[in-house]
Amino acid sequence: MYFDKAVCGNQLSRPALDALRHVIQHDQDITHLFIFRRDRLARPDDALDGMRMEAEFRSRGITLVFHDKVLPPLRQGQRQDVGEAIAAYIEYDTSGRFRDDLAEKMLHAQIQLARQGFSTGGRPPFGFRRFLVDGNGRVVRPLQDGEIVRQAGHHVVWLPGPEQELDLIRRIVSKLESMPANRIAKQLNQEGIPSPDSGRMRRDGGVLHAVSGLWHATTITGIARNPLLRAVTIYGRRAMGDRRRLSINGPRQLESQDYGHGKRPKVVQNPESERISAQAHFEPIVSIDQVERLQNLLNTRGGTQRGKPRSRNPDQNPLGGRVFDMACGWPMYRVPLSGTFRYTCGYYLQSNGDHCDHNWVQGPQATRFALAAIRQQLQAPRFRELMVNRLQEKLRASASTHPAASTAIEAKRSELSQRESQYKKVSRNMLYADSPESVKEFQAELRTLKSQADQSRAELQALEAAAPRPFEKPDDRLTACLNLFDQLPRLAEAAENLPAITELFRRLNVQLYLQFSPEKKKKRVLNKLRQAILTTGNATAPIRKYIGPTGRRTLQQTSGAAQPATKSERAGTKCPDDSSQEDESLGNTNRDDKI
Ligand SMILES: [Zn+2]
């Protein structure tokens, strides 16, 4: 039996369906495939896709059995019956259309709710809770998180929650008029007040993690911009979905701007005029004048950068955190520049040009330089030979660490077999139980023994998983290392493949130190690159790296005196494997809770 759960029917590659196809391809003994209805096989965007899939199965000699018809296998070269094909086309077209109809129905229902100021689903923002109201707008009762109620004529509304949260909102709104959001966030963090979603789990880029409980500037402005503060509900800030999307006049078809790269539907911001706003079912929490004043203030503060995310794509930054300005010891930051990028002195950037100099280097050029240096080293005579000797030494030294792990596994394994045989013995003895009481006793005993055996089994599995992979001979391990090594030149040649280069630099722990000196050019004085030092592995850094705070405001407060690095040597003596781990925090507050 193959079931796909919570997957769109228009996806023609789904886990269970793929598994089914695989089995049919490889198991010649399968003769029949039972499918209740065609829409359980697919709800394709194009009806022909569904037909093609059926033909694929039938041409492999499979008989398809639906609840109302049986389709025999197709012999090679046999032409499909026209009537049968037309029926299949119509059925797949109808089943695909189901998704259009559903999208339309959902949107109509949500618009209907939004126009009356009711909740359209989701969790309410900070300071608000869900309540059940009847047809006359009377509050019936508060609702639990995630509680679903289906009751005729009743709806869910968001209403102001606990007074404690509302007080905090009022405090944030009044402070924000004279203080930037990140300072308020810092203050709240210092007071130990947990942030709105503290304690919840959140998924970023597919990775589940606990919300840190810290305030960020975005949390603060998000609260201040919440239209619910002036008792207005707004629905449809964003439009998403692949069949229909929201417009002020109801559901609409997707247009070209709704598709992103690779023709995939993307989430778009609806313009203000397309959003549905309504009067909420309560009085404003803060004065409307104050909120409007604040909106204008926040808009001017945000400038042109509002809502634009920082690039989170590390693939475009091969030397990120690996280039340093020798003049000040700061890392050089990636600055995008008309299609390409530069690395510019971080101290110069963060102090708005007050300190250090406008030292920069072309990003691709620096990358090519580092690659050339690595290639040169890899091709040096006797380099490989020296490395093999060194690895063999290391392997001999580490060979003694293996047995300890394996004895623990052995001990656990014998414990498991002991417990299992005891279980078998007791269950055999149970045959001789002569009264209901003794049967009960046996059962209790068996339960205990079983849970003990289960525990041993789980512990054994954990031990085996944690143990270093056993190598038949030390040579195998050396070969594995050399395979890795032999990949390096290939990585170092792919000058355009930035992710591969990033990986190469990470594995080798490449660090690039640049020295600049002024040079007079007609009227201006420019800083030209004079010298570069490239280190790999655990080489000591030639300069003291700057390790103080890097935030702009902090720099202003400390009048920019660069603290001498105290652990620069340590930073430079990390082993390549550790280079992905971060150093201790620089004392900057995170911008967002994203990971
Ligand atoms: Zn500098």
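Numbering of ligands and ligand atoms starts at 1, following listing order.
- The ring pair (Phe, Tyr, Trp, His ring centres under 6.0 Å) test applied to Phe516 returns no partner, not counting sequence neighbours.
- Between Phe126 and Trp215, the ring planes are perpendicular. Angles over 60° get that label, and only those under 30° would be called parallel.
- A side-chain donor from one of Arg225 and Asn299 sits under 3.5 Å from a side-chain acceptor of the other.
- For the side-chain contact (heavy atoms from CB on, under 4.5 Å) with Arg171, the lone residue among Leu166, Ile184, Leu188, Leu176 that qualifies is Leu188.
- Counting only protein N, O or S atoms, the number found under 2.8 Å from the Zn ion (ligand 1) is 4.
- Gln377 is linked by a side chain to side chain contact (heavy atoms under 4.5 Å, CB included) to Phe383, Thr536, counting only residues two or more places apart in sequence or in another chain.
- Checked against salt bridge (Lys or Arg N to Asp or Glu O under 4.0 Å), Arg14 has the following partners two or more places apart in sequence or in another chain: Asp4.
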